[in-house]
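A quick write-up on the structure given underneath.
Naming convention: chains lettered A, B, ... in sequence-line order (proteins, then strands); numbering from 1 in each chain.
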Amino acid sequence: GPKVLQIPSHQIIDMGQMVTLNCDPVSNHLYFYWYKQILGQQMEFLVNFYNGKVMEKSKLFKDQFSVERPDGSYFTLKIQPTALEDSAVYFCASSLGRQSNERLFFGHGTKLSVL
Amino acid sequence: GDSVTQTEGLVTLTKGLPVMLNCTYQTTYSPFLFWYVQHLNEAPKLLLKSSTDNKRTEHQGFYATLHKSSSSFHLQKSSVQLSDSALYFCALDSGYNKLTFGKGTVLLVSP
């Protein structure tokens, strides 16, 4: 079936550095999402993105976070600078449409460890 | 704001037995509920979804009924298999695929 690929699966960086998480969404999908899951807690919505723009973001989407999808390539989440509390698993998702009955396809997640 | 509660963190069962994983929710909007399953080293996948009150929805032997009166969407299966061992998330759509997730329930099925 359709797959969302996330690269890398695990990233270890020092606090204060920049990190970019990459997501290759399902090819014909138009809406893209990032979710964050801190160890032992539930997955939480960060941001959704359509037509080159952020549509909605949560309070977890700090000023240090940014997303883009240049020229239909990877959908990326950049954190600059990183903080210890950014350590989490970040899940990318995509969907064809935006309505509630549109299926979300998730990637495996990227585990980010900030030291 | 919206919230989803899954009361069990871990459920262990012998194969062939029935299972029910609890999910309750709070929202001020018309609810659209989902169950996602995540097997080890795999991405979360949609298992079930519903927005229709009191209508059972089924997939791969699992079923759930949205009850708006009790704000519940419990996941059930009449006979679990070893391959059902996974992490199960209940989620509520808070608007346009902005999902609010529960903490998840690990289901472990033993021989």
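- Neither the backbone nor the side chain of A:Tyr31 has a heavy atom closer than 4.5 Å to any heavy atom of chain B.
- Considering OG of A:Ser94 and CG of A:Leu30, their distance stands at 9.5 Å, rounded to 0.5 Å.
- For B:Lys98, the parts lying under 4.5 angstrom from a heavy atom of chain A are both the backbone and the side chain.
- Most heavy-atom pairs under 4.5 Å with chain B, from the set A:Gln42, A:Arg98, A:Arg103, A:Met55: that is A:Arg98.
- For the pair A:Trp34 (side chain) and A:Val67 (backbone), a donor-acceptor distance under 3.5 Å is absent.
- Put simply, OH on A:Tyr35 and CZ on B:Phe101 are 5.5 Å apart, with the number rounded to the nearest 0.5 Å.
- Residues B:Tyr88 and B:Leu99 do not share a hydrophobic cluster, defined by chaining ILVMFWY side chains whose heavy atoms lie under 4.5 Å apart.
- Remark: A:Arg69 is not positioned above the aromatic ring of A:Phe75, lacking an NZ or CZ atom under 6.0 angstrom from the ring centre and at most 45 degrees off the axis.
- The contact between A:Gln37 and chain B is made entirely by side chain atoms (from C-beta outward), counting heavy-atom distances below 4.5 Å.
- Identified by a heavy-atom distance below 4.5 Å to chain B, the contributing residues of residues 104-113 of chain A are A:Leu104, A:Phe106, A:Gly107, A:His108, in residue-number order.
- Criterion: ILVMFWY side-chain heavy atoms under 4.5 Å apart, direct or through other members. Under it, A:Ile38 and A:Ile79 are not part of a common hydrophobic cluster.
- Using a distance-only test at 3.5 Å, with no hydrogens or angles considered, a donor-acceptor pair links the side chain of A:Gln6 to the main chain of A:Cys92.
- Heavy atoms closer than 4.5 Å to chain A are found in the side chain of B:Gln38, but not in its backbone.
- The salt bridge (charged side-chain N to carboxylate O under 4.0 Å, His left out) contacts involving residues 14-40 of chain A comprise nothing, where partners must be two or more places apart or lie in separate chains.
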